[in-house]
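Everything numeric here is computed off the predicted structure, so don't read it as measured data. All heavy atoms count here, side chains included; hydrogens, waters and symmetry mates do not.
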Amino acid sequence: MSNKNKLVLIDGNSVAYRAFFALRSQLERMKNKNGLHTNALYGFHNMIDSVLTKEKPTHALVAFDAGNTTFRHAFFDDYKAGRSKTPGEFSEQMPYLRDLLEGFGIKHYELENFEADDIIGTLATQVDPAEYDVVVISGDRDLTQLAKENVRVDITVKGVSELKEYTTESIQEEMGISPLQIIDMKGLAGDASDNIPGVTKIGEKTALKLLKEYGSVEGIYENIDALKKSKMKENLINEKETAFLSKKLATINTDSPIKVGIDDLAFSGPDMEKLIAFYKEMDFNSHLSKLDTTEYDAEQNNQKEEISYKVVTEITESMFSDDMALYVELIGDNYHISPIFCIGWGNDEQIYISEPEVVFASEEFKKWAKKLDAKKQVFDAKRTYVALKRQQVEMNSINFDILLASYLLNTKDNSKDLSEVATEHDYYEVSSDESVYGKGAKIGIPEDKTVTYDHVARKVKAIRILSKQLNDNLEKNEQTELFNEMELPLSIVLAEMELTGVKVNDKRLMEMKEEFAVRLKDIEQRVYELAGEEFNLNSPKQLGVILFEKMGYPVIKKTKTGYSTAVDVLEQMREQAPIVEHILDYRQIAKIQSTYIEGLLKVIDKNTGKIHTRYMQTIAQTGRLSSVEPNLQNIPIRLEEGRKIRQAFVPSHEGWKIFASDYSQIELRVLGHVSNDPLLKEAFIEGQDIHSSTAMRVFGITSPEEVSSEMRRRAKAVNFGIVYGISDYGLSQNLGISRKEAQKFIDTYFDKYPGVKTYMEDIVREAKDKGFVETLFQRRRYLPEINSRNFNLRSFAERTAINTPIQGSAADIIKIAMIKMDKKLKESNMKATMLLQVHDELIFEAPEEELEQLEALVIQVMEGAVELSVPLKVDSNSGKSWYEAK
DNA sequence: GCCCTCACG
DNA sequence: ACGTACGTGAGGGCG
């Protein structure tokens, strides 16, 4: 073993590029949770890892190219011009290479106007050969010119971890020339990859032959007359200048003005903290698990830090302060009915855990919960608020909600399990609910109460820690206002709406159930007769066999698993297959029966006769709400049969009415605003029928009377398509026309509405650059697949980039309206109550005599919720039931 | 637990 | 060439 120092010099750009292409097949698989591709980083990492193990360097440096213009470009315009454009999936990884190197504890360096190999060449040449052995690593064989007695050059062969070693001897042996003569060889033969021209018709073989005889480019030209007459000789003479230029281009600079010295390059091993952080950010879990770190072990083996808390059976005022986290543990998702079984609260000094009987008997607790000056941080404000209110505990001043904040930061980080959300934000001290309470049939509270207490205490602590962290992140994203002024207040408004519930006439539903049961039996019989046998009409599989095998109708569409029997397919069979009419009838009624009549009857609260849906505030990726158990946002309306379901939704007081207000064309208005398209805006400002207006433009008509209903129908479909991120295929499917015709509609549309076209191009570009899109109120949606090479994934992401700001801004607007509406109703002491939200409409119940006032208020608040460059418009209706509020 | 179908905006 | 319109939730069948 020599006691010489060892310096490893790595050509960063070249190796990273090699790594990228070596793992190109893994490109789409290797992404971190934010959608960043990681294949080059991964390959680079592995290369460094194996080099460190093998070489055990005392000094190391990774050199990078700086910018595009090097001194080589200064005298040769086309230098490297032939290179294909660097893929975006590669460039996006480069900045993170620095993080990786800092984790490894390896210096990196770049120098304006010089390439990595110049930095490497300079260092390799300048170190004292008596003191340093040097290993150069690159994917570029040019660097073999640097080989000498104390310098070995390793070039990647396959992938990045397999290297071929070049020494003076091995080069001599393999090529018959010295390392320095490689420059001469490039001068003659050129290098296609760097666009170094070389001399016409001279390749590597010829070049070597010439060099063996004459030693160098200079030597050849000194003896040029000695060459026998040939085409080659002619080329050499004609391209003398090119030959010397090429040689110059291929020569690595060994005297670059670098500002690092060997002493700066001392290598003393990785910075574990940084390396772990890097692994986590990149989701390099296999590397993480190889590391023996306490933090990682804690995460992996569930060996968490000790946590201290006090279990209390008596509650005193001293247990509360004005800035605390609170966690209410329920079993089950439905907080309207789930029992509370443990409560924890605390600050950074002390955490308290108690049982519900103790807590709800405590006036001190209620006083604190209600106290305006006492700020509370929670996980899921609405859930907490409702659960406590059911126990007559009023909550005020929730100032942070981990779940809501996490969802705003990244709509995907929205797990109902606190531990999962915490993990997303690098906090690992909470176990999953599943690991504590079990799942499925085995769900339950652990025998040992301390297990629950411990779990809840950890949640309280996590809320404290994450509140600060997530608040900072919101700040960075400029989402503080979205959080404080929109989502957090809305959660309380929604809580009250849920608690209020909506009255349902169960008698009416039961009547309908009887009626439909008879009809279903009837239709069933008819289908069986036509089919010639009985089968399960609810099974698409069995139905497919009957229609397409037994009865032999032609197959129109297939699904992954068999024949499609969806409506659009059945509708196409109508003419030739009388049976499908009955099947369609059956489907329609069976849906109403099972989902709506039976489904709704199941969830009516027996005590109040009301339905209490839950609005999910952190599910939809666009910022919309969703509604569950039951979903009150998809009650039938389009077909009369189903619409009758709405007759069962009635006011909760005698003499009251249902009042409904909906935004007219809110998404197209938002589009008008964000696209700033003159014609689209004009249509709204002038109060035109938007679909007719579009029809006039697209069909080139000048007067509204000439717009036929068919034209309007088509224009409407185009308008929808625009909002969805139109494609010729989608539009053709929707309108039942050819793709060509659909494309023509789209072209004409963009011709008439150039602002819309520009908006779409701009938003997609922005999404590709930033990786996310935003609504008018900074709601953010990441689109990791926007740069995918997979056509489907990329196209989907592009349509989403177009749609999300529109759908999401509309969601923002109605959320603002809801908060304002709630406030106004309270301020004006009206009895009217907001009951439901269905994306672009709000449903209230109100005493008959308040209706007029309510309508005025709704118009004022909803239309004035935000100021856009186009007006917002609201239509309102009222009636004895939701059905009649149309 | 996944697939298909279908209800809504 | 690729094969989809955007966003949801629920019920029934089936393995």
Side-chain angles (χ1 to χ4, degrees), chain A residues 411 439-440 535-544 557-570 583-584 586-600 602-603 613-616 619-639 641-643 645-646 662-668 671 717-735 739 742 746 773 781 783 788-808 810-811 814 836-842:
Chain A
T411 51
K439 68 166 178 176
F535 62 100
N536 187 345
L537 246 175
N538 290 317
S539 162
K541 195 178 168 191
Q542 293 184 33
L543 178 61
K557 199 166 82 181
K558 287 203 147 203
T559 66
K560 271 176 253 172
T561 49
Y563 312 109
S564 171
T565 66
V567 207
D568 59 316
V569 171
L570 295 186
I583 296 168
L584 287 167
Y586 179 88
R587 284 254 179 93
Q588 194 199 326
I589 294 170
K591 173 80 178 178
I592 298 168
Q593 186 76 312
S594 65
T595 305
Y596 297 104
I597 298 183
E598 290 167 359
L600 290 177
K602 262 184 252 172
V603 291
T613 185
R614 271 149 44 228
Y615 287 105
M616 299 282 103
I619 296 290
Q621 299 300 300
T622 53
R624 275 190 176 182
L625 300 176
S626 74
S627 157
V628 295
E629 270 189 88
N631 181 355
L632 291 184
Q633 292 180 318
N634 71 347
I635 302 301
I637 188 166
R638 290 171 195 165
L639 299 171
E641 304 264 31
R643 191 174 196 155
I645 295 290
R646 293 177 177 230
D662 67 293
Y663 277 115
S664 154
Q665 306 297 350
I666 187 166
E667 293 193 347
L668 284 171
L671 177 62
V718 172
N719 279 335
F720 271 101
I722 292 293
V723 170
Y724 293 156
I726 203 156
S727 75
D728 54 356
Y729 186 85
L731 184 64
S732 75
Q733 286 293 297
N734 191 289
L735 281 177
R739 263 175 77 165
I746 297 168
V773 289
R781 180 179 188 176
L783 299 168
S788 170
R789 194 162 276 103
N790 179 315
F791 175 87
N792 283 328
L793 295 179
R794 187 179 64 249
S795 305
F796 186 38
E798 288 171 356
R799 292 195 297 274
T800 309
I802 293 168
N803 175 262
T804 295
I806 302 172
Q807 190 182 115
I814 196 165
L836 302 170
Q837 187 251 42
V838 191
H839 310 308
D840 65 354
E841 64 177 323
L842 297 177

May I ask you to evaluate whether [X] reaches the phosphate of [N], defined as a side-chain N or O under 4.0 Å from OP1 or OP2?
X       : N       : result
N538(A) : dG11(C) : no
R624(A) : dG7(C)  : no
T622(A) : dC6(C)  : no
T561(A) : dC3(B)  : no
S594(A) : dA10(C) : no
R638(A) : dC8(B)  : yes
R781(A) : dG7(C)  : yes
S626(A) : dG7(C)  : no
K602(A) : dA10(C) : no

Between [options], which nucleotide gets closest to the side-chain atoms of [X]?
X       : options                 : answer
F791(A) : dT5(B), dA7(B), dC2(C)  : dC2(C)
A566(A) : dG1(B), dG9(C), dT5(B)  : dT5(B)
L731(A) : dC4(B), dG9(B), dA5(C)  : dA5(C)
I619(A) : dG7(C), dC14(C), dT8(C) : dT8(C)
Y724(A) : dA7(B), dT8(C), dA5(C)  : dA5(C)
P636(A) : dC4(B), dA10(C), dA7(B) : dA7(B)
N803(A) : dC6(C), dC6(B), dT8(C)  : dC6(C)
N792(A) : dG3(C), dC3(B), dG7(C)  : dG3(C)
K439(A) : dG1(B), dG9(B), dC14(C) : dG1(B)

Side chain of [X], base of [N]: donor and acceptor closer than 3.5 Å?
X       : N      : value
K591(A) : dC6(B) : yes
S795(A) : dT4(C) : no
Q633(A) : dC8(B) : no

Counting the atoms with a prime plus P, OP1 and OP2 as sugar-phosphate, which does [X] contact under 4.0 Å by heavy atoms, base, sugar-phosphate, or nothing?
X       : result
V838(A) : sugar-phosphate
I802(A) : nothing
G725(A) : nothing
Q807(A) : base
Q621(A) : sugar-phosphate
I806(A) : nothing
A717(A) : base

Just how far, in rounded Å, is [atom2] of [N] from [atom1] of [X]?
X       : N       : atom1 : atom2 : result
L584(A) : dC6(B)  : CG    : P     : 8 Å
K557(A) : dC3(B)  : NZ    : P     : 16 Å
Y615(A) : dG9(B)  : OH    : P     : 14 Å
F720(A) : dG7(C)  : CZ    : P     : 15 Å
N634(A) : dT5(B)  : CG    : C1'   : 13 Å
N536(A) : dG12(C) : CG    : P     : 11 Å
I583(A) : dT5(B)  : CD1   : P     : 12 Å
Q542(A) : dG15(C) : CD    : C1'   : 14 Å

request  = Give a yes or no on whether the backbone of G730(A) and the side-chain of Y724(A) come within a donor-acceptor separation of less than 3.5 Å.
outcome  = no

Does a donor on one side chain sit under 3.5 Å from an acceptor on the other, for [X] and [Y]?
X       : Y       : answer
T622(A) : Q807(A) : yes
R739(A) : S732(A) : no
T559(A) : S564(A) : no

ask   = Roughly how far apart, to the nearest Å, are dA5(C) and dC4(B) at atom P?
value = 13 Å

key: Integer angstrom distance from the P of dT4(C) to that of dC3(B)   = 14 Å

query = Hey, is F796(A) doing a stacking thing with dT4(C), by the 5.5 Å centroid and 30° angle criteria?
reply = no

query = Is there side-chain contact between I814(A) and R624(A), with heavy atoms separated by less than 4.5 Å?
reply = no

key: Side-chain touch N538(A)/Y586(A), heavy atoms, less than 4.5 angstrom   = yes

Which residue lies more 5' along DNA chain C, comparing R739(A) with T800(A) via nearest heavy atoms = R739(A)

task = In sequence, state the C-alpha distance, the side-chain angles, and the governing distance for I645(A) and L600(A), and then conclude on side chain to side chain contact (heavy atoms under 4.5 Å, CB included).
result = CA-CA 10 Å; I645(A) 295 290; L600(A) 290 177; 3.9 Å; yes

request  = Begin from the C-alpha positions of E841(A) and Y663(A) and carry the test side chain to side chain contact (heavy atoms under 4.5 Å, CB included) through to its verdict.
outcome  = CA-CA 6 Å; E841(A) 64 177 323; Y663(A) 277 115; over 6 Å; no

key: Pair assignment for dC2(C), Watson-Crick or G-U wobble, requiring both distances under 3.5 Å   = none

request  = Take R587(A) and L570(A) through the test side chain to side chain contact (heavy atoms under 4.5 Å, CB included) and record every step on the way to the result.
outcome  = CA-CA 11 Å; R587(A) 284 254 179 93; L570(A) 295 186; 3.7 Å; yes

